[in-house]
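One structure is given below, encoded as structure tokens.
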Amino acid sequence: MATRAATVERTGAGGARMTAGSLHPGAWLAWLAGGCVAVFLTSNPLYLSLGLLAAIGVYAAVRDTAKGRALTPFVALGLGLAALSVPFNVLTGSSGPSLLFTAPSLTFPGWLGNVTLGGPVTGEALVTATGRALSIAALVALAGAFNASIDHFRLLRMTPRALSQLMLSLTVAIVVVPQSLAQAKAVSEAQRLRGRRSRGLRALPGLLLPTLHGALERSVQRAESLDARGFGGGRPDTSVPPALAGVAGLGLCSWGAFGHYYYGASWLSIAALAAGASLVALALLQGGPRQTSRLRRDVWSARDGLVVAAAVVSVALVAGLRLAGAGDAAYLAYPDVVAPGFHAAGALAFVLLMLPALLHAPDVAGSEHKR
Amino acid sequence: MIDVRGLGFQYASSARQALEDVTFSCGAGELVLVAGPSGGGKSTLLRCLNGLVPHFHGGTFAGEVVTGGLDTRSHQPRDMAGVVGMVFQDPESQMVAETVEDELAFGMELAGTEPLTMRKRVEEALDLLRIEPLRARRLESLSGGELQRVAIAAVLTMQPRVLLLDEPTSQLDPQAAEELLTTVRRLNDDLGLTVLIAEHRLERVVQYADRLLYVAGDGSVEEMDVRDAMGSLPIAPPVARLGRALGWSPLPLSVREGRPFAEAYGRGNGNAPLTVHSGSTPRGKATVRLAGVGVRFGEIAALRDVTLDVFPGEITVLMGRNGAGKTTLLRTLAGLTPPDSGTVSVLGRDVGATATELLADDVALVPQRPEDALYKQTVAEEIGETLRGTGREGSIDEALEEWHLEPLRDAHPADVSAGERQRVALAAMLAGRPRLLLLDEPTRGMDYETKELLVANLRSRCGEGATVLLASHDVELAGRCGDRVVLLAGGEVAVDGPAREVLSESLTFSTQVNKLMGGRYLTPEDVLARRERLGT
Amino acid sequence: MASDAMALSDRPARPLVAGRQWPAAIASGLLLTAVCAAGVAAYAYPFLLSSLPATTATPRAGDAPLVFGLVLTLALLLFVAELTRAGMNAKVVSLLAVVTVAAAALRVPALPAGATGFFFMVIVAGYVFGPRLGFLIGSGAMFISAFAVGGFGPWLPFQVFAAGWIGMTSGWLGAAIEKPLRGRRRTELWLLAAFAGLWGMLFGAITNLWFWPYVAQGDSVSWRPGMDLAEAVQHYWSFYLLTSAGWDAWRAIGNVALVLVAGRPALDLLRRYRDRFSVRID
């Protein structure tokens, strides 16, 4: 039984694949990255609430697929854990002058670090914990929307040359899933037909190994087929420059990262991070076994461009607020809890993240093909 | 196109030569059949032609193989991909992409082909294999026959001059297999593609083959004329076997070729030939009783209101199109698919209320794919597992002997050949004399000897009072061993009657011999038996 | 005939990483070292930053998980690219796909011991197939399963890298004890079980590390830049015990049990396959 509706693709001029509706996976990736960066950059509960609302809005808009529905319990679990972090943080130690109430306390022994659970609960701690819970929840919702909407295969196709072989393997891995499930079912039935009485968990090892065995056997034939169809991995790539670019890039990144905290946030460390990341990207694009070609490329539409632009603008707005020290982007409840400041730019940053909810259109649902 | 000189090969893990001093050559545009017992080296021979042997499998290689001007000793299989294409047995395990189009483009993408050229070749291949409507489908949603055609199309996009097919129909049902073989013949005809095909289902291709390579199993390969081969080898299709027995010359290879001989012999004579086996023993009490049974899968009704009694001591063959409900009926009887309505009783037990594991004491079901049934480490353990689990009486040795598996006793089921594996699955599932034998499409991709063994063993089980119910598309098998045929259509019983009546004078459900000779003849043996009786 | 016999060993035509010229070998070694250093730094940044003097006015390092997540992602990509740079042959690609999907699939069902099958599979496969394939299997399986469980988020690179380490260290364990312990299968199994139990605890300890400064705020469990290393370790220890140790212990027990129950047949299966296929690549 097909687990999700088959994507019906239309063929346009020039061999472009125009999947009706869904955004380019690159755009989704940029949205996820932008959203996460924006959330990490601020601690202001007002902005974070907006971020959470935006992420949940997008999730709700894209959720209505077989995959999205399957993810719902995971997203709910994530949101639940985020909510649980509030009592955890408040009870493991509150400080600050605004005492709300005093909870019964319990002190753990020394090997637990003399942690005291309970005791005084302060407004400062509560506000801080709520802010963090909001940002965790926003991250979970962002991830949920991303996971519900992207097509794995289209995402894997975007990998740089240096990783193409591994990605082929991962593509095959996804292809193997339905086969393996069918095999597991067949093995389980054969066991029942032969009078084996164990069921459920105890039968799992007895089911797992024969299934794995069948899959391994088939993988020999798949390897033969790969070989016979010209998969050879190309010549060993022994070029030095990509490796050196990688080393240099990673070095720059690490230096930028630690400098960022050692000397404080500065344009220099951000520039080092960016330059390092570019060098690594270059190494990944240049390295790799062999030039291959593509039958089709995913089409980049204006909508995708809009989503990326929104992500970039939203990160820029939050970062700008932080660097300018405006709008309470780096809000702190200490030493005294005060109402967080608010700036329209910060609000705009998170409202912009809603964009995919408007631009996303579900794929034209094909008939669910069934074997 | 293909030149093989002094080829010898021994697998690293094996003690004996798989091929020894093999020499032959094939011209461009030939269609060559590769035949021989299973496990005899047909696959090895084909793999020698594109370099998978020795480069992939490893072992000791001798001699010279030149395909399309490339010597396999100096060229890896990947270098030969543009010259030789190969299609394997199992359609699923050849697939590496998620949609049909991507699968077709895979080889070209690796080769770095220009996108425009790629587009053109993909379109051509879609048309040639007539799978254009499938182009955007996900591979997991395709049937086995469709997947095999995708596999061939994927190979053709590389524009090879030679196509190697290693038992491409062994995992397919007969309809899909026939379509595939027709397609292969058309490719050979229209494109002048050199085709080497290892195949058990000879009825469809033998008349078009230019030559036959007989891989005997002792390492030798004999190059034969097709008609000579059909005159001497046991693998011949029924028409050829009949022609051979009656001394027709030149030997007919198809019903069409045999028709003039049949007219001369006296077509349609003998409406009641002496049967080789007697299906007319008095019936006992029905062992399987279905009353108003219905099974639904969501929207689809797999079985509707089926009422049927099956009797011990006879072989009942379930026939019908794909999706007619044959497999569902067998699964229902084994307790795997509970009925939604009606009552099913097997050997006096209510199936709906009894777990499969408990029914297994008396009921055995052999699934379509032998791989699905096997999961232990040795052949003997496979049989022991069933005996232990079901508590049926019997011994491992007895089962090994029944299915001629004594030499494989300690072999790993994955290491034996495909035909041997089918025997292992039969031996394992049917061990210990169950009283009801259910077989789902048992002859799929089965070679001649195994089929003979299967028929003989089923007959003898019947003689001991067991009930045999087998689902099959294989008309020849039904003609050889069926006592009664039940034809399912759309989940309902459409026809139910003695095999000889149902299988004769029908356009699609007649055996080859019946198409040729008419009357109530089903097998060459029927014709010969009558001739003997008449003393001519 | 014997004169032109061509004996080919059962080994793959080309090892995963071919013998290189020395400049390439040095560059590769340099890269792997850089990756290891950056990877460790990215996980251990709370400890490393804590030993730095708090000269800055950084009130809290809320964006630290992000920045180090980026560093770690880049390191991970480079590492994987380097492992597969010389080209993988068809056997490896195909094998990797199957074992990866087996491990990934086992992460999905809510088994009582917390997806313990994932650890079992990665450890056994790494043990049999060596550190390189071990890393690829562990990291690939974590990545693939993220699609299914909605795990595609900022935490993913940390989980992927750690899962890769499970496979890689299992490969080292295999290289160290498989030959010496041939014939002493009980010892081998117990060692493997202990190793699996250790990773059951360690995995949680490692993957929670990156999020710790961001999540914890209580006085005795939180991280502050400039805190002293011993204090940082103490705080993290408390944080770990309070949040994830119970869950991890349950998982560790599950790992040990699963290795003891299913370890032997699984090892046999994979070894049989490795020997037939000759896909040990070190």
Side-chain angles (χ1 to χ4, degrees), chain A residues 1-2 6-11 15 152-153 168 171-172 174-175 177-179 183 186-187 189-197 199 206-207 209-211 213-214 216-233 290-297 366 368-371, chain B residues 50 52 56 76-78 81-82 85-86 88-90 92-98 101-102 105-115 118-119 122 136-143 154-155 158 334 336 356-357 360-361 364-365 367 369 371-375 385-386 389-391 414 428-429:
Chain A
M1 195 141 333
T7 315
V8 172
E9 281 128 344
R10 301 209 186 102
T11 312
H152 322 142
F153 291 108
L168 171 64
T171 310
V172 175
I174 298 177
V175 171
V177 173
Q179 291 175 14
Q183 167 103 15
V187 170
E189 285 182 356
Q191 290 176 342
R192 291 169 59 196
L193 285 170
R194 292 161 77 174
R196 200 185 254 227
R197 285 180 174 84
R199 292 244 200 134
L207 195 57
L209 293 175
T211 305
H213 182 258
L216 285 173
E217 285 302 324
R218 278 204 294 267
S219 84
V220 182
Q221 204 177 46
R222 181 171 288 105
E224 274 194 302
S225 173
L226 275 170
D227 242 1
R229 287 162 72 183
F231 180 84
R290 196 204 295 207
Q291 187 61 55
T292 58
S293 53
R294 278 260 164 246
L295 177 64
R296 296 169 184 281
R297 291 199 174 277
E368 291 219 1
H369 299 301
K370 211 183 143 210
R371 180 165 296 185
Chain B
N50 72 341
L52 282 174
F56 186 90
Q76 293 274 337
R78 60 173 170 274
M86 184 152 183
F88 301 84
Q89 286 184 15
D90 182 7
E92 286 188 353
S93 56
Q94 297 173 54
M95 301 296 152
V96 291
E98 85 269 29
E101 276 190 351
D102 288 331
F106 176 76
M108 294 187 289
E109 288 183 348
L110 284 180
T113 311
E114 284 292 308
M118 256 198 278
R119 297 276 313 168
V122 166
R137 290 270 294 272
R138 291 206 185 264
L139 291 172
E140 74 228 33
S141 72
L142 302 185
S143 71
V155 157
M158 306 287 284
L336 290 174
T356 303
E357 299 89 303
D361 299 353
L365 168 65
R369 293 162 50 98
E371 292 79 9
D372 287 348
L374 304 176
Y375 52 85
E385 164 92 357
T386 309
T390 60
M429 302 309 282

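Labels below follow one simple rule: chain letters A, B, ... track the order of the sequence lines, proteins then strands, and each chain is numbered from 1.
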About how many Å separate CE of M95(B) and OG of S225(A), when rounded to the nearest 0.5 Å? 7.5 Å

Here the gap from E92(B) atom CD to Q179(A) atom CD, rounded to the nearest 0.5 Å, amounts to 4.5 Å

Which pair of non-hydrogen atoms, one from [X] and one from [Y], has the smallest distance, and what is that distance?
| X | Y | answer |
| --- | --- | --- |
| F56(B) | D227(A) | CD1-OD2, 3.2 Å |
| Q94(B) | R229(A) | O-NH1, 3.3 Å |
| A228(A) | N50(B) | CB-ND2, 3.7 Å |
| A373(B) | R194(A) | O-NH1, 2.6 Å |
| A360(B) | G195(A) | CB-N, 3.9 Å |
| E140(B) | P178(A) | CB-CG, 4.0 Å |

Are the side chains of [X] and [Y] in touch, meaning some heavy atoms are under 4.5 Å apart?
| X | Y | result |
| --- | --- | --- |
| T171(A) | V96(B) | no |
| F153(A) | R138(B) | yes |
| R218(A) | D90(B) | yes |

Of E224(A), Q221(A), E217(A), which meets side chain to side chain donor-acceptor pair (under 3.5 Å) against S93(B)? Q221(A)

Which portion of [X] sits near chain A, non-hydrogen atoms under 4.5 angstrom:
| X | result |
| --- | --- |
| M429(B) | side chain |
| A97(B) | backbone |
| L365(B) | both |

Top residue by heavy-atom pair count (under 4.5 Å) with chain A, among V122(B), D372(B), L374(B)? D372(B)

Residues Y375(B), Q191(A); criterion side-chain contact (heavy atoms from CB on, under 4.5 Å); working and verdict: CA-CA 9 Å; Y375(B) 52 85; Q191(A) 290 176 342; 3.3 Å; yes

I'd like to know whether L193(A) forms a side-chain contact (heavy atoms from CB on, under 4.5 Å) with L336(B), so could you lay out the CA-CA distance, the side-chain angles of the two residues, the decisive distance to 0.1 Å, and finally the verdict. CA-CA 9 Å; L193(A) 285 170; L336(B) 290 174; 4.1 Å; yes

Using a strict threshold of under 4.0 Å (side-chain N to carboxylate O), is an ion pair present between E385(B) and R196(A)? yes

Region of L168(A) that comes under 4.5 Å of a non-hydrogen atom in chain B: side chain

